[in-house]
Amino acid sequence: MAIKTTISLIKCDVGSLAGHYIVPKPLLNIAEKNLKQAEETGLINSYYVFNAGDDLQLLMVHQKGESDPEIHRLAYSTFREAADKALELKLYGAGQDLLKDAFSGNIRGMGPGVAEMEIEERGADPIVIFAADKTSAGAFNFPLFRIFADPMNTAGLVIDPNMAGGFKFEVMDTMDNTKVTLKTPEETYDLIALIGTVQRYMVSRVWRATDNLICATGSVTRLSQIAGKYVGKDDPVMITRAQHGLPAVGEILVPFMHSYLVEGWMRGSHWGPIMPVGLKDSKCTAFDGPPRLVALGFQVSNGKIACDDTGKPMIADMFDDPAFDIARREAQELACTLRRMGEFEPARLGPEEMEYTTLQQTLEKLKERFKPA
Ligand code: 13P
Ligand code: 13P
Ligand code: MG
Ligand code: MG
């Protein structure tokens, strides 16, 4: 029997330094302390704490399965403790994404973002996780399509018979709270018809069609729907699995050689160019952006993240590489082009998404001054 291992990536904006810039060290330290303790007591087998801009990211590898109450409680109590520290330090937006107070066994729906994947370990299991800041889960629709369904991106779809059976995409309708599964290549056009609408339809899972092997899972929360108003962007996370009849790591990364536009950026109210960066540049500055994306690679090995000789998990900072310089350059250029347009659409989001923001108060103020024309 193959070992069953779960990868949980749970994130939360608990408060940040200098506006919505980064998670500062004292908050990372709290996460490090709590996860280390959980590793010592055997609740988790491995962990890695990092930040995607102002979002605190807990990567945990364990054998408790998905949606485990103990794992979720660990994440929740860590975010709570970090938010209290943020409050004490008067950091910006302390506890921003902790929208609900009473934890009752699952952190989903409380504000933090969750991506979890239970796998049966193969001979070698390469994983790539993604974490974005200043955008929403729809930002992953385009690259997920390219990775698992576009033969011009993923050579394996053409060359590797183990991938020729195609992939199945679970798509969430975040407006109606329903979901549908579509199969590529047969339903490619229908899939694009849905997930091209990135503000409403979001890919939540992908499986290999021939044997239902799980190969990608993302967080699809809409904070504005939980809170009923704009409180911050969802800043999604995603887990992908690679090689041996799945897209290669290089095929998972190649869509990011070019920038593309995503919703988010300043006040979550603008289209902005995604900028793939190494961890050292995982911070948002100009107009609270441009939206950043980090990608970390590792091997899952006997229920853990494969470690070096000193017992430290080996983590590859995949976008810390000149191969993505052009994407970063494009992001800068697109950012300048869009910002020249100021608050005029399409630089600013359309009216449906703006309904959740403070723009409503401005429009309300003008309401009674309108006369029949
Ligand atoms: P303030 O109203 O605190 O300036 O917040 C604006 C903001 O950052 C929106 O997310
Ligand atoms: P975050 O969602 O990253 O907190 O950003 C909020 C924001 O309004 C930035 O301008
Ligand atoms: Mg924030
Ligand atoms: Mg954020």
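Order of appearance sets the numbers: ligands from 1, and atoms from 1 within every ligand. From a predicted model like this one, the values you see are computed outputs, not experimental measurements. FYI, side chains are in, hydrogens and waters are out, and symmetry mates aren't considered; it's all heavy atoms of this structure. Throughout, numbering of the chain's residues begins at 1 and tracks the sequence.
If you check the side chains of His72 and Asn106, you find a donor sitting under 3.5 Å from an acceptor.
Less than 4.0 angstrom separates some heavy atom of Gly232 from each of these atoms of ligand 2: 2 (O). Atoms of ligand 2 lying under 4.0 Å from any heavy atom of Gln96, numbered from 1 in the order shown and given with element: 1 (P), 2 (O), 4 (O). Within the listing of ligand 2, atoms 10 (O) sit less than 4.0 angstrom from a heavy atom of Met266.
Taking the six-membered ring for Trp and thresholds of 30 and 60 degrees, Phe256 and Phe130 have ring planes inclined between 30 and 60 degrees apart.
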- request: Start with the C-alpha gap between Glu263 and Gln199, add the side-chain angles, then the distance that decides, and say whether side chain to side chain donor-acceptor pair (under 3.5 Å) holds.
  value: CA-CA 8 Å; Glu263 65 157 351; Gln199 291 171 289; 3.1 Å; yes
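Asp54 has its closest N, O or S atom to the Mg ion (ligand 3) at the position named OD2. Nearest N, O or S atom of Asp13 to the Mg ion (ligand 3): atom OD2. The Mg ion (ligand 3) is closest to atom ND1 of His20 (considering only N, O or S atoms).
To the nearest 0.5 Å, atom OH of residue Tyr260 and atom CD of residue Glu330 are 12.5 Å apart.
The protein heavy atom nearest to atom 2 (O) of ligand 1 is Tyr92 OH, 4.5 Å. Remark: minimum distance from atom 3 (O) of ligand 2 to any protein heavy atom is reached at Lys134 NZ, 2.7 Å. Nearest protein heavy-atom contact of atom 6 (C) of ligand 1 is Arg267 NH1, 3.3 Å.
Within a 6.0 Å radius of CD1 in Ile326, other residues, nucleotides and ligands contribute 12 heavy atoms or fewer.
Ligand 2 lies less than 4.0 angstrom from a heavy atom belonging to Tyr230.
Residue contacts with ligand 1: Asp288 is placed with no nitrogen or oxygen under 3.5 Å of a nitrogen or oxygen of the ligand (distance criterion only).
Clustering of Ile, Leu, Val, Met, Phe, Trp and Tyr side chains at separations under 4.5 Å places Phe298 together with Ile7, Leu9, Tyr48, Phe50, Leu59, Val61, Met117, Ile119, Ile127, Ile129, Trp207, Ile214, Val237, Ile239, Met275, Val277, Leu279, Val294, Leu296, Val300, Ile305, Ile315.
Ring centroids of Tyr230 and Tyr356 are separated by 6.0 Å or more, keeping the two rings apart.
Salt-bridge formation is detected for the pair Lys11/Asp55: a Lys NZ or Arg NE/NH1/NH2 atom is positioned less than 4.0 Å from an Asp or Glu carboxylate oxygen.
When non-hydrogen atoms are compared, ligand 2 lies under 4.0 Å from the side chain of His20 (C-beta onward) but not from its backbone.
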